[in-house]
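Both backbone and side-chain heavy atoms feed into the values below; hydrogens, waters and symmetry mates do not. Read the numbers this way: they start at 1 and go in the same order the structure lists the ligands and their atoms.
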Amino acid sequence: MQFIATLNQGFGIADCLQFENGPGGLPVASITTSQASAQVALQGAHLLSWQPAGQAPVLWVSTAAEFAPGKPIRGGVPVCWPWFGPLADKGMHGFARNLPWAVRASRRDADGQVVLCLGLQDSDHTRGLWDHRFDLELQFTIGPTLGMALTTRNTGSTDFTVTQALHTYFKVGDIRQTCVRGLDGCAYLDKVQAMARLQQAGDVRFSGETDRVYLDTPGDCVVDDPVLQREIRIAKQGSHSTVVWNPWSEKVMADMAPGEYQGMVCVETCNAGPDAITLAPGQQHGLRASISVL
Ligand code: TA6
């Protein structure tokens, strides 16, 4: 684990990027510029907040979220890797979101955006869970838009297959008045109906627990929020599956307060289900999302 003072000495940027102890004492990178503010927990390279200038916060985090070493955080952008969903008795959504990532680089780009790069490599611990050698890198670009680029490299001597997601939680005014556009006509696997394969008709609207893996979806999605009077566009590369999730009131979770479901929706940039990625030794894959508020 890198210490705060060392991090600031090596990667801090005067007046816009500093490292500090965040919620629960977890080390975070706090970014503030005239364009936007953001906070990234080093545990899981977990983006906790992003707020472009003049906009309400774009990401949602539960008021009951747990901030503790090794515990997943309810909200922001969890990194689900090297598996999406359950895997035997190894827990949901892989191990990357529960481990400390190293800061690898930071800079201000020519447009004044802050670029922060975090990395994770295999260890005895990870190989005990998933016996492969890898290098995982997440680059954030923080400005009027949010850029996230998750690069998986196979540094071992055998092929491996991953499923993954940038599991983004968006803040909305009222889920009942919110819709997600861009998935009309797409096939999806409905986790609420025993993974039945169905087809989306029109915009995705919400009136109960919604948990769907949309297939063959390389295009943009838009979260249309009439209450906050904004549209959030999610553009992506390297992903052909999209998950839309709202737990509604049915799914009770210790780290989500009652009723909070009304103010959030997940639109997740994935390689999930049949959209798995297999890499030979030396190969790499990039999963990218670019989020903008219109
Ligand atoms: O992305 C939707 C989903 O797979 C849901 O089924 C639910 O499990 C959600 O992820 C949250 O998972 P987590 O392990 O973070 O509680």
Side-chain angles (χ1 to χ4, degrees), residues 23-24 26 41 43-48 59-99 129-130 148 150 162-172 175 178 180 182-183 186 188-198 200 204 206 208-215 217 221 223 232 234 236 239-258 260-276 287 289 291:
L26 294 178
Q43 174 172 290
H46 194 129
L47 184 64
L48 300 174
L59 305 180
W60 174 92
V61 176
S62 170
T63 58
E66 186 177 5
F67 295 93
K71 297 289 186 186
I73 298 166
R74 178 70 59 206
V77 184
V79 175
C80 303
W81 193 94
W83 63 84
F84 179 84
L87 181 65
D89 60 347
K90 297 181 179 181
M92 282 291 281
H93 294 329
F95 49 74
R97 65 178 176 167
N98 302 325
L99 294 176
L129 292 167
W130 190 70
M148 295 183 283
L150 181 66
V162 300
T163 51
Q164 59 184 345
L166 296 168
H167 190 300
T168 310
Y169 287 77
F170 292 101
K171 178 183 177 63
V172 297
I175 189 63
T178 298
V180 175
L183 298 168
C186 294
Y188 65 89
L189 304 176
D190 191 337
K191 293 171 73 173
V192 176
Q193 298 186 65
M195 299 304 275
R197 185 181 174 108
L198 302 168
Q200 181 61 38
V204 183
F206 304 86
E209 182 181 1
T210 306
D211 195 345
R212 302 172 181 176
V213 182
Y214 286 87
L215 307 173
T217 59
C221 283
V223 176
I232 301 171
I234 304 107
K236 62 179 185 175
S239 160
H240 285 84
S241 44
T242 302
V243 168
V244 176
W245 178 54
N246 184 284
W248 215 255
S249 53
E250 286 93 343
K251 200 169 176 109
V252 177
M253 294 172 281
D255 56 357
M256 193 159 178
E260 275 192 323
Y261 73 92
Q262 299 176 86
M264 54 74 69
V265 66
C266 284
V267 179
E268 304 161 33
T269 304
C270 306
N271 298 115
D275 178 24
L287 176 64
I291 297 171

S.K.: Of all residues at least two apart in sequence or in a different chain, which pass the ring-ring contact (aromatic ring centres under 6.0 Å, His included) check with His93?
M.R.: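 For His93 the ring-ring contact (aromatic ring centres under 6.0 Å, His included) partners, ignoring immediate neighbours, are Phe84, His167.
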S.K.: Using the six-membered ring wherever Trp is involved, compare the ring planes of Tyr169 and Trp60 and label them parallel, tilted or perpendicular (cut-offs 30° and 60°).
M.R.: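 Correct class here is parallel.
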S.K.: Any protein N or O within less than 3.5 Å of an N or O in ligand 1? List each pair with its distance, or say none.
M.R.:
| unit_1 | atom_1 | unit_2 | atom_2 | d |
| --- | --- | --- | --- | --- |
| ligand 1 | 1 (O) | His167 | NE2 | 3.0 |
| ligand 1 | 1 (O) | Glu268 | OE1 | 2.7 |
| ligand 1 | 1 (O) | Glu268 | OE2 | 2.8 |
| ligand 1 | 4 (O) | His93 | NE2 | 3.4 |
| ligand 1 | 4 (O) | Lys191 | NZ | 2.9 |
| ligand 1 | 6 (O) | Lys191 | NZ | 3.1 |
| ligand 1 | 6 (O) | Asp211 | OD2 | 2.5 |
| ligand 1 | 10 (O) | His93 | NE2 | 3.0 |
| ligand 1 | 10 (O) | His167 | NE2 | 3.1 |
| ligand 1 | 12 (O) | His93 | NE2 | 3.4 |
| ligand 1 | 14 (O) | Arg97 | NH2 | 2.9 |
| ligand 1 | 15 (O) | Arg74 | NH1 | 3.2 |
| ligand 1 | 15 (O) | Arg97 | NH1 | 2.9 |
| ligand 1 | 16 (O) | Arg74 | NH1 | 3.1 |
| ligand 1 | 16 (O) | Arg74 | NH2 | 2.8 |

S.K.: Report the C-alpha distance between Trp81 and Leu287 in whole Å, list the side-chain angles of each, state the deciding distance to 0.1 Å, and finish with yes or no for side-chain contact (heavy atoms from CB on, under 4.5 Å).
M.R.: CA-CA 11 Å; Trp81 193 94; Leu287 176 64; over 6 Å; no
S.K.: Output yes when a side-chain donor or acceptor of Ser241 lies under 3.5 Å from a complementary backbone atom of Ala272, and no otherwise.
M.R.: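 Answer holds: yes.
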S.K.: So, using ring-ring contact (aromatic ring centres under 6.0 Å, His included) as the criterion, who are the partners of Phe67 when residues are at least two apart?
M.R.: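 Partners of Phe67 by the ring-ring contact (aromatic ring centres under 6.0 Å, His included) criterion come out as none, since no residue qualifies.
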S.K.: Of all residues at least two apart in sequence or in a different chain, which pass the side-chain contact (heavy atoms from CB on, under 4.5 Å) check with Leu198?
M.R.: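 Leu198 satisfies side-chain contact (heavy atoms from CB on, under 4.5 Å) with Tyr188, Asp190, Gln193, Ala196 once adjacent residues are dropped.
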